[in-house]
Amino acid sequence: MATQLKKEKGTAERPYKIAVLTGDGAGPAVTEVAISVLESVGSFADIHFDFQRLPYASDDDSSTVAPETIAACKAADAVLRGPQGKTRSDSAHDSLRAGLGLFAQLRPVTVTEQLVGQSPLRPDIVTGTDLLVVREVSSGALPYSPTPEEDDSDESASSVMSYDTAAVERIAQVALSAAALRSGRVTNVDKADAMKVSAFWRRKLHAYFKKAAKNRPEILLHDLYVDDFCREVVLRPRAFDVVVTSNLFGDLLCETVAALSGPQRLSPSAWFGEDVAVFGPADVYNLSAYPESTMDKTIRNSSLVANPVSTIRAAAMMLRYALAEPAAANIIQQSLARTMDVVSTNDAPAYAGMQAMLAGNAPLVDAAGFGEAMLSSLDVMYALEVVCAPEECGE
């Protein structure tokens, strides 16, 4: 992860090379907002970027990433991507994942003061929730691929879920690195009591942590069965920090924990390969790339929207996890909270609180307007030299 980057990067002579896949629909608009925020923070913190805007999908097939784009992403220090495609069949994300060898996904869930009112849980339960799901995304039961033994029988069907030692150890390394940047607490979620593959997963995960964290008492690993975790994360979400799990379980749990902060699609995500990391909205495809608000309609309390918040948060994750710039990431996180206090957007008017918005207390802006408000908030923070500790505003 980021700790391996040489610190001479990010200078005027050697700027961070950022490959930007703007996507389609509202993707270009929200991605440009994130770039403007990064440029502002870079000017203040003397961090230099070289943004290379690239086509996400090939001209001939919206579900395929061009080889030239894959090569440019591999040569970059990090990749920032916008939403692309309306459905899985026309999304290029699977092609990007395969081309870059992405094997780990990071999904943060942070319930800030501005989002408490949107959560389905009581404020005393959900306030202060700040957890990170580390999901293995290259093996297990997903993505589905038919086995030679399968036929077209209508009488039965089966899917294979398998892991080898190498796959478990590399996701364990990502979880350990993430924990080192946070509290050190890691929860492994599996089904080791009923599935042989989960028992293997747990055994290999513990073996790796025992070896890699031998002299690091701050790193604590414990286990929960997936059914127990589903109950406990609803009853006491603040009890969890880093959660590591397999592909199939992670697919389900990421969406479950994302709902802790409410119905709006504000979640960022990161995907890691051996030598490259990709950052962007958690919604890699579906109608979130094509909000109705682009047709002069306002969406109220809808989960199918695109907005700049998830992309801005993804930019902060990029600074923290790929570029080893946690102070700059913290500035973005705090500025975003300040901005969400005073404005909401046409794409997601619940940013400033649905009740306040309906009462006319929160001005509505478009993505560009939200970006301008972010830049104004950053200017105030620069003038006052306001920063915050990672445990207060990091993710």
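Given the structure is predicted, the values throughout are model-derived calculations rather than measurements.
A salt bridge (Lys or Arg N to Asp or Glu O under 4.0 Å) check over residues 193-207, counting only residues at least two apart or in different chains, returns the pairs Asp190-Arg202, Lys191-Asp193, Arg202-Asp223. A ring-ring contact (aromatic ring centres under 6.0 Å, His included) check over residues 183-216, counting only residues at least two apart or in different chains, returns the pairs Tyr163-Trp201. The ring-ring contact (aromatic ring centres under 6.0 Å, His included) pairs that include a residue from residues 50-86 are Phe49-Phe51, where partners are two or more places apart or lie in different chains. Sorted by first then second residue, the ring-ring contact (aromatic ring centres under 6.0 Å, His included) pairs that include residues 60-90, not counting sequence neighbours, number zero.
Residue Asp275 places its CG atom among 12 or fewer non-hydrogen atoms of other residues, nucleotides or ligands, all under 6.0 Å distant.
In terms of the side-chain contact (heavy atoms from CB on, under 4.5 Å) criterion, residue partners of Glu68 (sequence neighbours excluded) are, by chain and number, Ala66. Ser43 is linked by a side-chain contact (heavy atoms from CB on, under 4.5 Å) to nothing, counting only residues two or more places apart in sequence or in another chain. Thr69 is linked by a side chain to side chain donor-acceptor pair (under 3.5 Å) to nothing, counting only residues two or more places apart in sequence or in another chain. With sequence neighbours excluded, the residues forming a salt bridge (charged side-chain N to carboxylate O under 4.0 Å, His left out) with Glu274 are Arg170, listed by chain and number. Qualifying side chain to side chain donor-acceptor pair (under 3.5 Å) partners for Ser63, counting only residues two or more places apart in sequence or in other chains: Asp61. Pro15 meets the side-chain contact (heavy atoms from CB on, under 4.5 Å) test with His48, Asp50; sequence neighbours excluded. For the side-chain contact (heavy atoms from CB on, under 4.5 Å) test, residues two or more places apart in sequence or in another chain that qualify with Ala337 are Gln114.
Salt bridge status for Lys9 with Glu325: absent, with no side-chain N to carboxylate O gap under 4.0 Å.
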Counting only pairs under 3.5 Å, give me each side-chain donor-acceptor contact of residues 237-245, with atom names and distances, residues two or more places apart or in other chains.
residue: Arg238; atom: NH1; partner: Asp124; partner atom: O; Å: 3.0
residue: Arg238; atom: NH1; partner: Ile125; partner atom: O; Å: 3.0
residue: Arg238; atom: NH1; partner: Thr127; partner atom: O; Å: 2.9
residue: Arg238; atom: NH2; partner: Asp124; partner atom: O; Å: 3.3
residue: Asp241; atom: OD1; partner: Arg182; partner atom: NE; Å: 2.7
residue: Asp241; atom: OD1; partner: Arg182; partner atom: NH2; Å: 2.6
residue: Asp241; atom: OD2; partner: Ser183; partner atom: N; Å: 3.1
residue: Asp241; atom: OD2; partner: Ser183; partner atom: OG; Å: 2.4
residue: Thr245; atom: OG1; partner: Val189; partner atom: O; Å: 2.9

